[in-house]
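Below you'll find the structure, written out as structure tokens, and then a few comments.
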Amino acid sequence: LRPGNQVYDNWFAQMLAQNVLGSTGALTGLERKIVAVGLTNMICKNDAFVAEPYVRLWSKLLQGVVEIIELPPEATAAEEDDVLEAQARLGANAQYSRLVFAQSKLITGHDPFAAVRDVRVYLAQSLAAVTAKHRAVPFAKLLSALPPALKARVDAYVTAAGVQLSL
């Protein structure tokens, strides 16, 4: 990950925050699962994300995962139009947004994470594993950076999965 930051400091962090976390609201069911599992793997199975400089992104990425998991059911076509109109008002390129929605409809149901039955359980198990492996990382502090409602959701996932975090 470090060579990508040579363009300028924190390039990767900014790209991740703006392009990945900033576009999660337009995800559909299978896409949500793919992105949630991918981000979970990024923060829990990639040692770079529990070390400087990326550990600073850890809470924000976890927040993104929980927000994706907790998104309401998929938007209807009318809601898609509302999203496109809102993006246009905010200066987003409407043609690009339409392409994003069109692309999401092209996914045929191939699930690269078919073995992951419940994303909530997968997140909890992954958090338990990363906190056990990296005991020197202040995960209690990182988790406390989450908004209280999202922290409560993480706690509920951990309890439901029957695992413990090593904090």
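The structure presented is a predicted model; accordingly, all values stated were derived computationally and were not measured.
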May I ask you to test the [X]-[Y] pair for a side-chain heavy-atom distance under 4.5 Å?
X    : Y    : result
V130 : F139 : yes
L57  : I43  : no
R120 : E70  : yes
V119 : I68  : no
H134 : D47  : yes
L62  : L150 : no
L30  : F113 : no

Evaluate whether atom CD of Q164 has more than 12 neighbouring non-hydrogen atoms of other residues, nucleotides or ligands under 6.0 angstrom away. no
Is there a side-chain contact (heavy atoms from CB on, under 4.5 Å) between V121 and V163 once you walk through the steps? CA-CA 9 Å; V121 170; V163 296; over 6 Å; no
Assess the residue pair E67 and K60 against the criterion (salt bridge (Lys or Arg N to Asp or Glu O under 4.0 Å)); give the C-alpha distance rounded to whole Å, side-chain angles, the decisive distance to 0.1 Å, and a yes or no. CA-CA 10 Å; E67 288 173 349; K60 188 78 169 159; over 6 Å; no
Enter the distance from [X]:[atom1] to [Y]:[atom2] here, rounded to the nearest 0.5 Å.
X    : Y    : atom1 : atom2 : value
L146 : W58  : CG    : CH2   : 7.5 Å
L165 : T131 : CG    : OG1   : 4.5 Å
L39  : L61  : CG    : CG    : 6.0 Å
Y54  : F49  : OH    : CZ    : 7.0 Å
R135 : L167 : CZ    : CG    : 9.5 Å

Of all the heavy-atom pairs spanning [X] and [Y], show the shortest one and how long it is.
X    : Y    : answer
D155 : K151 : OD1-NZ, 2.7 Å
P112 : I34  : CD-CD1, 3.7 Å
A145 : S59  : CB-OG, 3.7 Å
M42  : N46  : O-CB, 3.0 Å

Taking T159 for the side chain and A156 for the main chain, is one N or O donor matched with an acceptor at less than 3.5 Å? no
What do the steps show when you test Y157 against D118 for side chain to side chain donor-acceptor pair (under 3.5 Å), and what is the final call? CA-CA 10 Å; Y157 303 161; D118 186 336; over 6 Å; no
